[in-house]
Amino acid sequence: MPDLDSDRIRDLFDQVVGLGPEERAARLAEACGDDEELRREVESLLEAEDARGSGVRRALEGLQPPEEVDGESAAPSGPGRIPAALQTALADRYRIERVLGRGGMATVYLADDLKHPRQVAIKLMDPDLSEALGAERFL
């Protein structure tokens, strides 16, 4: 199954977030067609937006395209750009090297797996978005 395009999700969310329930349903049916997964993703963001206020919208508005991280290329970045809380939380298992990219709804970090000799990508959900959506969405 292909990954959903986060830009498409964000664009569709932006198009329908201010509409009433009937208008939303009609616009989603038109825009998503047979793509039920896309429809479910947008509907879950809309439900979170309705339930928790504007937190989802604020989080989506603050996203940067993957080619930019803090106004610079998503190429290697210094350790100062990695949140200390993330380094501490994962210190017994991973050594975080750098930001690979930021986009969609998360930041992706390159890390060394300390238990197995390999590099891994760690994807960390945007804090505002994860707060708005809640952990139960990812169980």
Side-chain angles (χ1 to χ4, degrees):
M1 173 181 341
D3 290 332
L4 289 175
D5 180 359
S6 59
D7 289 335
R8 187 171 176 207
I9 294 169
R10 181 179 31 225
D11 290 343
L12 188 51
F13 175 87
D14 287 340
Q15 291 173 27
V16 301
V17 69
L19 303 177
E22 290 178 15
E23 291 174 292
R24 276 185 185 176
R27 179 66 185 115
L28 284 174
E30 177 186 328
C32 297
D34 292 336
D35 192 341
E36 289 298 317
E37 189 176 5
L38 173 62
R39 183 184 187 117
R40 279 193 304 271
E41 287 294 317
V42 175
E43 285 175 341
S44 72
L45 290 173
L46 291 168
E47 288 171 16
E49 178 75 11
D50 291 343
R52 301 194 186 218
S54 62
V56 173
R57 186 152 182 81
R58 278 195 318 271
L60 290 174
E61 287 171 352
L63 296 174
Q64 295 174 301
E67 63 274 0
E68 282 192 9
V69 177
D70 297 331
E72 298 178 9
S73 166
S77 58
R81 294 181 192 240
I82 299 167
L86 177 62
Q87 290 178 325
T88 302
L90 301 177
D92 63 331
R93 183 71 196 265
Y94 302 102
R95 183 176 47 83
I96 311 230
E97 289 189 12
R98 62 184 171 98
V99 174
L100 287 175
R102 185 176 294 160
M105 298 174 199
T107 301
V108 179
Y109 298 90
L110 176 66
D112 289 317
D113 186 327
L114 300 176
K115 185 174 181 181
H116 306 285
R118 63 182 176 188
Q119 289 191 310
V120 297
I122 296 174
K123 189 172 190 177
L124 184 65
M125 186 79 143
D126 179 274
D128 290 335
L129 186 59
S130 62
E131 179 182 322
L133 294 176
E136 60 277 357
R137 183 175 189 282
F138 298 97
L139 292 178

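Index from 1, following the sequence.
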Q: Test Arg102 against Val108 for side chain to side chain contact (heavy atoms under 4.5 Å, CB included), laying out the working first.
A: CA-CA 6 Å; Arg102 185 176 294 160; Val108 179; over 6 Å; no

Query - Nearest heavy atoms of Val99 and Tyr109, plus distance in Å - result: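 Smallest interatomic distance, heavy atoms only, reads CG2-CE2, 3.6 Å.
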
Counterpart residues, side chain to side chain contact (heavy atoms under 4.5 Å, CB included), relative to [X] (two or more places apart):
X     : value
Arg95 : Glu97, Asp112, Leu114
Glu22 : none
Val16 : Leu12, Leu19, Arg24, Arg27, Leu28, Val42, Leu46

Return the [atom1] to [atom2] distance between [X] and [Y], rounded to the nearest 0.5 Å.
X      : Y      : atom1 : atom2 : value
Thr107 : Ile122 : OG1   : CD1   : 12.0 Å
Leu124 : Leu86  : CG    : CG    : 5.5 Å
Gln119 : Tyr94  : CD    : OH    : 13.0 Å

Open item on the list: Which residues pass the side chain to side chain donor-acceptor pair (under 3.5 Å) test with Glu43, not counting sequence neighbours?
Closed with: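 Arg39.
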
Less than 4.0 Å between a side-chain N and a carboxylate O, is that true for Asp7 and Arg10?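 A salt bridge links Arg10 with Asp7.
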
